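Data block below; observations after.
Since this is a predicted model, take the numbers as computed values, not measurements.
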Amino acid sequence: MKRKTKYTLLSIFSFGIYPLYVHKMAKKVINKENNKLASSSKIDFDIDEFFNILGKKENIKSIVSNYTSVKIEFFPPFVWDNKINPRFKIKGCFCTNKTVTLLFGDNAQAISAELNKKLNK
């Protein structure tokens with residue numbers, strides 16, 4: 001039986017209550033919110049090697065992250081080599097004179113946490 005025919009027959013036999021029920025259930029589904037963001041904790045490269053390339057504790061001032069990016073603030077003088085991007089699966093980077101913002105994807109928070117552990121040792 002086709003969907004439209006089934007809906008019409010149920011409307012008739014339920015004296016119009018079925019369409020009201022369907023409308024109410026559809027509103028519940030539409031108003032449902034997804035408040036949880038999925039993030040990955042898997043790091044696909046050696047975090048020690050990455051930390052050493054960044055310049056260890058002496059060169060890094062602070063490390064902050066959001067959902068997809070890691071922002072690293074450096075002490076001057078600072079030089080960034082764009083050739084390390086493919087080695088560490090960096091999807092993009094934005095450089096200023098004191099900071100580098102690296103785009104990692106949904107595992108940026110895990111990377112930032114590991115880098116902060118090494119920075120605070």
Least distance between heavy atoms, [X] atom then [Y] atom:
X: Lys91; Y: Gly105; result: NZ-CA, 4.1 Å
X: Phe75; Y: Ile60; result: CE1-O, 3.6 Å
X: Ala108; Y: Ser69; result: CB-N, 3.6 Å

### Apart from Leu103 itself, residues in the same hydrophobic cluster as defined by side-chain heavy atoms under 4.5 Å
Phe94
### Message
Taking salt bridge (Lys or Arg N to Asp or Glu O under 4.0 Å) as the cut-off, I'd like each qualifying pair that reaches into residues 59-75, sequence neighbours left out, listed once.
### Response
Lys61-Glu73
### Query
With sequence neighbours left out, which residue pairs that include part of residues 9-31 fulfil the salt bridge (Lys or Arg N to Asp or Glu O under 4.0 Å) condition?
none
#### Entry: By side chain to side chain contact (heavy atoms under 4.5 Å, CB included) - contacts of Asp44 (at least two apart)
Lys42, Lys89
### Query
What is the distance from atom CG of Leu115 to atom CD1 of Ile43, rounded to the nearest 0.5 Å?
7.5 Å
### Message
Can you list everything that forms a salt bridge (charged side-chain N to carboxylate O under 4.0 Å, His left out) with Lys98? Sequence neighbours excluded, please.
### Response
none
### Query
Name the one of Asp46, Leu54, Ile53 that satisfies side-chain contact (heavy atoms from CB on, under 4.5 Å) with Phe50?
Leu54
### Message
Is there a side chain to side chain contact (heavy atoms under 4.5 Å, CB included) between Ile90 and Phe45? Walk through the geometry before answering.
### Response
CA-CA 11 Å; Ile90 299 171; Phe45 55 87; over 6 Å; no
Just jot down the side-chain hydrogen bond (donor to acceptor under 3.5 Å, both in side chains) partners of [X], sequence neighbours excluded, or say none.
X: Asp48; answer: Lys118
X: Thr68; answer: none
X: Thr101; answer: none
X: Asn52; answer: none

### Task
Please lay out, stage by stage, how Ile72 and Thr99 fare under the test side chain to side chain contact (heavy atoms under 4.5 Å, CB included).
CA-CA 6 Å; Ile72 304 168; Thr99 64; over 6 Å; no
### Query
Take atom OH in Tyr21; do more than 12 heavy atoms of anything else shown fall under 6.0 Å from it?
no
